[in-house]
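To start, the structure itself, in structure tokens.
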Protein chains: 2
Amino acid sequence: MEADTLELESFLPYRLYRLADAVSREFSRVYKDRHGLTRPEWRTLAGLGQHGTMTATALGEQSAMHKTKVSRAVAELERRRWLTRKPDEKDRRVEHLTLTRAGLTAYREMVPLAKAFERDLLGRLNASERAAVTEGMAALKGALDRSTTQL
Amino acid sequence: MEADTLELESFLPYRLYRLADAVSREFSRVYKDRHGLTRPEWRTLAGLGQHGTMTATALGEQSAMHKTKVSRAVAELERRRWLTRKPDEKDRRVEHLTLTRAGLTAYREMVPLAKAFERDLLGRLNASERAAVTEGMAALKGALDRSTTQL
DNA sequence: CCAAATTGGTTTCGTTTGTAACCATCGAAA
DNA sequence: TTTCGATGGTTACAAACGAAACCAATTTGG
């Protein structure tokens, strides 16, 4: 291989992105085809389903979304009446978000599908491959944290 | 952990996406900050730099981009005079794309930066972690190919 | 107590994206 | 050779996005 050439197919950022995109696209069927949700909306639903009640800021932190994404996702889920906002008593800038019964129903419907998706995907791997996936992701995350922090 | 709850932080599609996004964002400095390129434009440049001459379709296949992305990226690189189009002799629908001297210069400038980025990132890992990354990604890709094909 | 800086969240604006429609050309089949 | 489906590539349109400006409420520091 030539030294002044980059082989895109084996370039880590490219491979990783492509992989994540493919997995994510595949999984998006669960929330997109089924309920017409966008990814931020799905993540918002998942965050609230998991934690019960959260603020928009907390949602953004948990699921790594920009505040504008959170804002729009929350607005849409509210329009669907899948969540409600309750102003904080002490700090009137803050809103506490909670799923409605309808939102919770949708969430509960999707959780098993999400789990099945993950199980199916990992089920195609043998134990050592699964271990490699886990270890590799953790290691990369660690490396990334180290490099990002050092800025 | 409750059975009817999904822990987003450890959910594979989410973790993988987040990881790829972080790596990709970090790397985008190389082409975005430096030359104001978008990702499709960078991939186009990388494809042509690597292969010399390609058609738009081939570019799309190599770097997993939708044809509209390719079309726009090519148009922009042409506007910059970083590539030229040459119509195919036999099939007048097809265009052969080649980097100009200026495009090649930009490419040659970025290749070492890309390699350094990858080397730095992987350099933070020990040998077994690196192996895990490689093996894990290959395994996941395999699993994904198997599931997507089966549709 | 007041001005300035900060924070939670929304809105605006320009850019990027995906889907679908589209145009031109080509190949195969009638 | 004419027609019809497939293919290479572009364009139009609407949705999604990020950055920055913005509003309101809160904290900080003089």
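Every heavy atom of this structure was used, including side-chain atoms; hydrogens, water molecules and symmetry mates were not. The model shown is predicted, which means the values in this text are computed figures rather than measured ones. A note on names: the letters A, B, ... follow the listed sequences, proteins ahead of strands, and every chain is numbered from 1.
Computed from coordinates, the B:Asp88 CG to C:dA24 C1' distance equals 15 Å when rounded to whole Å. Protein atom CZ of A:Arg39 is 18 Å distant from nucleotide atom P of D:dA15, rounded to whole Å. Following rounding to the nearest Å, B:His66 (NE2) and C:dT19 (P) show an atom-to-atom distance of 7 Å. Nucleotide C:dG8 holds its C1' atom 11 Å from the CD atom of A:Glu61, rounded to whole Å. In this entry the distance linking CZ of B:Arg43 with P of C:dT16 reads 15 Å, nearest Å. One interatomic measurement links the two molecules: CG of A:Asp91 to C1' of D:dT27, which rounds to 10 Å at whole-angstrom precision. For the pair A:Glu95 CD and D:dA25 C1', the computed distance is 12 Å after rounding to whole Å. Rounded to whole Å, atom P of D:dG9 lies 9 Å from atom CG of B:Leu59.
Within 4.0 Å (heavy atoms only), B:Arg85 reaches sugar-phosphate atoms of the nucleic acid but no base atom. Counting non-hydrogen atoms under 4.0 angstrom, A:Arg25 reaches the backbone sugars and phosphates but no base.
Summarising the geometry of A:Ala143 relative to B:Leu125, their closest heavy-atom pair is CB-CD1, 3.3 Å, with the distance given to 0.1 Å.
Residue A:Thr57 places none of its side-chain N or O atoms closer than 4.0 Å to OP1 or OP2 of C:dT7. Contact between the side-chain N/O atoms of B:Arg92 and the OP1/OP2 oxygens of C:dC23 is not found at any separation under 4.0 Å. Considering only side-chain N and O atoms, A:Thr55 lies nowhere under 4.0 angstrom from the phosphate OP1 or OP2 of C:dG8.
Ionic pairing of B:Glu76 and B:Arg79 is present here: one or more N-O contacts between side-chain nitrogen and carboxylate oxygen are shorter than 4.0 angstrom. In this structure, B:Asp120 does not pair ionically with B:Arg124, as no charged nitrogen and carboxylate oxygen lie closer than 4.0 Å.
Contact annotation: side chain of A:Arg93 to base of C:dT7, donor-acceptor pair present below 3.5 Å. Counting atom types as modelled, B:Arg72 pairs no side-chain N or O with a base atom of D:dG9 as donor and acceptor under 3.5 Å.
Checking D:dT10, C:dT10, D:dG18 against the side-chain heavy atoms of B:Thr68 singles out D:dT10 as nearest. Side-chain proximity of B:Lys67 to D:dT10, D:dC17, C:dC26: nearest is D:dT10. In this structure, of D:dG9, C:dT19, C:dG9, it is D:dG9 that holds the atom nearest to the side chain of B:Ala56. Counting only heavy atoms from C-beta on, B:Lys69 has its side chain closest to C:dG18 among C:dT10, C:dG18, D:dA19.
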| request: Could you give me the CA-CA distance, side-chain angles and deciding distance for A:Glu9 and B:Gln62, then say whether side chain to side chain donor-acceptor pair (under 3.5 Å) is met? | output: CA-CA 8 Å; A:Glu9 294 87 338; B:Gln62 194 216 2; 3.0 Å; yes
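Between A:Pro40 and A:Glu89, the residue whose closest nucleotide on DNA chain D is further toward the 5' end is A:Pro40.
Checking B:Arg39 against B:Ser24 by side-chain atom types alone, a donor-acceptor pair falls below 3.5 Å.
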